[in-house]
Protein chains: 2
Amino acid sequence: MAEKRLYHTVANQILELIDSGVFPTGSRLPGERDLAKKFGVSRVAVREAEIALQAQGRLEIKVGSGAYVLDGSKGSHNGLPKVGPFELTEARALFEAESAALAAPIITDDAIAELENYIGIMSGKVKSEMTPDDADAAFHNAIARATNNHAIIFVIDSMWKMRKEAAQLQKVYRCVCEKDSSHREDEHQAILTALKNRDSSAARQAMRAHFTRMIEALLEASEEEAYQEVKRQASESRSRYMLAKQLS
Amino acid sequence: MAEKRLYHTVANQILELIDSGVFPTGSRLPGERDLAKKFGVSRVAVREAEIALQAQGRLEIKVGSGAYVLDGSKGSHNGLPKVGPFELTEARALFEAESAALAAPIITDDAIAELENYIGIMSGKVKSEMTPDDADAAFHNAIARATNNHAIIFVIDSMWKMRKEAAQLQKVYRCVCEKDSSHREDEHQAILTALKNRDSSAARQAMRAHFTRMIEALLEASEEEAYQEVKRQASESRSRYMLAKQLS
DNA sequence: ATTTCATAATTGGTTCTACCAATTTGTAAA
DNA sequence: TTTACAAATTGGTAGAACCAATTATGAAAT
């Protein structure tokens, strides 16, 4: 929690008070002078902290009135929305399939070798400092890069970041991944084979199958245990998923 | 250029000096005291401006040393990459087609009515405060919202923002859109019809056709006049586009 | 001539005081 | 009750002063 600049620690203290519900969304913060006294720092430090929070979109400062807490739930600090596991996987199924299809005809041999390496890391056959999860991310990112399309690269990266963000999502994914790590390897291999053959349709199909299986695993996991929140989302998304499956 | 808070104007002044090459990437800015004197403001104002720029990732401040200009070329102020017209349109062709396909089976009648309204605005038959371009954006955004998938909404919105960013892109698009406004109307109508029929495949196809035609218009435009920069990109992308066309 | 190292100068970090301007609040008059 | 004006509160800006980290300087040692 100790930061380099004083205003960082102050900003974090304010953030904590916001997250703990002391300052709910929409409420007005105490004046700069009060906060300075409360935190035992100068008014300038509080001011800089509030400016930084404003730049992050967490506060709105009105002159002569005060600083107000903005809704930090969506479009939070890095501009990414918070998404549920189902909708994210659904989106990835669609977009990554197109990414792979576009990459297939033009992927280089170097990129193919890179993908093989990542599969090796994920299966544990190749030792590396990368975690299997990092290798998984690198695998999908490398395919996006193979499209040579910066917009596509951005989209794929963004979705991976969304996945990394939600702590809850992390748990669910970890569970699903551990359970089906062998499936995952086969599926990645199938994707690689399709790319090796420069077969667009096969690549699209393999990538869709990869995520379709993941959605099924998520559905299964949502039946178990304490995934109540996921369960709620599951009921919302299941019908859509079934429909989406038809048009694969 | 006149902002509400003084540190905003100072930040913009600094940004201008950076963009105009006075302070190249990696160089050190003059001290806070010097800048304060140069801009005729207090040191506090300069300081707050630099903090805001640091929050935006444009500066790195080292204590006792100075403020250094960071590379603002990629992942710039809003986290969006700078993309060329071809790659962006290519990505939109793929992703928006899937968005429409997913929306088709579940789109509500209200959303259909909304889309009809936007088409009316674009054709000038319905009067509104919206510009045709805004209506165009709203049209595609509404389809994304119809998917009820926040990740997809984010992606479609992001790509629209990328389009709005590049000034050069703006020029080209405007040229293309003006020339083929009638085509655009027909294409949007076709997309709407497919959605009305809840026909996923038709929606996908119609959306692809919409962007495929746009790419062709871009290629044509790049042949003309002074679009040298676009031309360069065109030669890079043309082969990819041809390949992508095959797998439509 | 080169290296080393203590010192001075520079730079950002923090605090304090003071005053200005916009906003809100409170109160008295209509 | 409503209106109008004044006072209190709040953020905005300025200047000076001092601290701590960094960098530049220059004399002394090699």
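Just so it is clear: chains get the letters A, B, ... in the order the sequence lines come, proteins before strands, and each one is counted from 1. Just so it is clear, the values below take in all heavy atoms, side chains as well, and ignore hydrogens, waters and symmetry mates.
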Taking the side chain of A/S65 as its heavy atoms from C-beta onward, which of D/dG11, C/dT23, C/dG12 lies nearest to it? C/dT23
Among the nucleotides C/dT15, C/dG12, D/dA14, whichever has the atom closest to the side chain of B/S42 is D/dA14
Any side-chain heavy-atom pair from B/I153 and B/D157 closer than 4.5 angstrom? yes
Just to be sure I understand the rule, does A/V44 reach a base, reach only the sugar-phosphate, or reach nothing, if contact means heavy atoms closer than 4.0 Å? base
Is there a donor and acceptor pair, one atom on the side chain of B/R43 and one on the base of C/dG13, closer than 3.5 Å? yes
Nearest whole angstrom, please: distance from the [atom2] of [N] to the [atom1] of [X].
| X | N | atom1 | atom2 | value |
| --- | --- | --- | --- | --- |
| B/R33 | C/dG13 | CZ | C1' | 10 Å |
| B/R28 | C/dT10 | CZ | P | 12 Å |
| A/E60 | D/dG11 | CD | P | 13 Å |
| A/R5 | C/dT15 | CZ | C1' | 17 Å |
| B/L29 | D/dT23 | CG | P | 16 Å |
| B/L6 | D/dG15 | CG | C1' | 14 Å |
| A/I61 | C/dT24 | CD1 | C1' | 18 Å |
| A/I51 | D/dT10 | CD1 | P | 18 Å |

When you match A/Y68 and B/V63 each to their closest nucleotide on DNA chain C, which lands nearer the 5' end? B/V63
Between B/R47 and C/dG12, is there a side-chain N or O to OP1/OP2 distance below 4.0 Å? no
Under 3.5 Å, is there a donor-acceptor pair between the B/T9 and B/N12 side chains? no
Would you mind checking if A/E48 and A/R5 are paired as a salt bridge, meaning a charged N to carboxylate O distance below 4.0 Å? no
Below 6.0 angstrom between ring centroids: does that apply to B/F211 and B/H140? yes
If you count the non-hydrogen atoms of other residues, nucleotides and ligands that lie under 6.0 Å from NE2 in A/H150, is the total more than 12? no
